Amino acid sequence: MREHTPNGMTSAAKARLYDAFAVSGKALASGKRLELLDLLAQGERTVDALAKAAGLNLTTASAHLQTLKQAGFVATRREGVRIHYRLAGEDVARLFALLRKVAEAHQAAVPAARDAYLGEDAAVELSREELRARIATGDVVLLDVRPVEEYRAGHIPGAVSIPVQELAERIGELPEDKEIVVYCRGEYCVLAYDAVRMLSGHGRRAIRLDDGMLEWRLSELPVDATAPA
């Protein structure tokens, strides 16, 4: 019956509820804050590391992180003088992943912006299910091209770590007689695209996982957290 009361205390309470919902929306209304969530979906990081990875100065990065914290999207822990940030829960990662897919489906500008960022190529993509089947047969090399700290925080079991910045100098570490499946942070991560182009340019057979570590985690598939060999 309370819903039918248009005025008074019930109306004010409803407004406060929706304003509380809106805080979450406002916290997401920044491309840089979404980029910070993308980075934190890969694992815990310090403010310094986040600022460097997102191309921000410390003051700006801290301000964005405080906004995300006030909205309840991130949590912190202190280690000496360093503050470490992490996602407040898996539901935040799910919200972030869903937001991107909804935006791509309903915003005309997103597909063009995605293509401009990721680049166009004819590389074959592999689904998670197909990848698991091929790993089981041992006929592919799985390559993680994210930064080493992200690999250490969690990677697909059996993956080899070669950050994309080091790939040109370390291609010789990869066997020549196997196809290379490349993955990075997620579906919209350019690192895998760059790696496939580089590998193909060196005559290697390379394909991409069609999404990445974010989607792998959200599918509750096995994750390893050992250091690279």
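Predicted, not measured: the structure shown is a model, and the values here were computed from it.
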Please say whether more than 12 non-hydrogen atoms of neighbouring residues, nucleotides or ligands are located less than 6.0 Å from [atom1] in [X].
{"X": "Lys26", "atom1": "NZ", "value": "no"}
{"X": "Arg114", "atom1": "CZ", "value": "yes"}
{"X": "Glu166", "atom1": "CD", "value": "yes"}

If you define the side chain from C-beta out and look only at heavy atoms, does anything of [X] sit under 4.5 Å from [Y]?
{"X": "Leu28", "Y": "Arg33", "answer": "no"}
{"X": "Val182", "Y": "Leu209", "answer": "no"}
{"X": "Thr46", "Y": "Leu50", "answer": "no"}
{"X": "Leu87", "Y": "Leu37", "answer": "yes"}
{"X": "Arg128", "Y": "Leu131", "answer": "no"}
{"X": "Arg94", "Y": "Leu98", "answer": "no"}

Inset, instruction - Check the side chains of Gln70 and Thr67 for a donor-acceptor pair under 3.5 angstrom, ignoring hydrogens and angles. - result: no
Lys/Arg-Asp/Glu bridge criterion (N-O < 4.0 Å) met for [X], [Y]:
{"X": "Arg16", "Y": "Asp19", "value": "no"}
{"X": "Glu90", "Y": "Arg217", "value": "no"}
{"X": "Arg132", "Y": "Glu130", "value": "no"}
{"X": "Glu79", "Y": "Arg82", "value": "no"}

Legend entry - Aromatic Tyr183 / basic Arg208 pairing, under 6.0 angstrom, 45° off normal: no
Legend entry - Cluster overlap Val140 with Trp216, hydrophobic side-chain contacts below 4.5 Å: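 The answer is yes; both residues are in one hydrophobic cluster.
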Inset, instruction - Please test Glu179 against Arg204 for salt bridge (charged side-chain N to carboxylate O under 4.0 Å, His left out), starting from the C-alpha separation and ending with a verdict. - result: CA-CA 7 Å; Glu179 194 163 49; Arg204 299 301 185 92; over 6 Å; no
Inset, instruction - Report the residues that fulfil side-chain hydrogen bond (donor to acceptor under 3.5 Å, both in side chains) with Lys178, sequence neighbours left out, ordered by chain and then residue number. - result: none
Inset, instruction - Quick one: sort the Tyr18 and Phe21 rings into parallel, tilted or perpendicular, breaks at 30° and 60°. - result: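 Answer is perpendicular, since the angle exceeds 60°.
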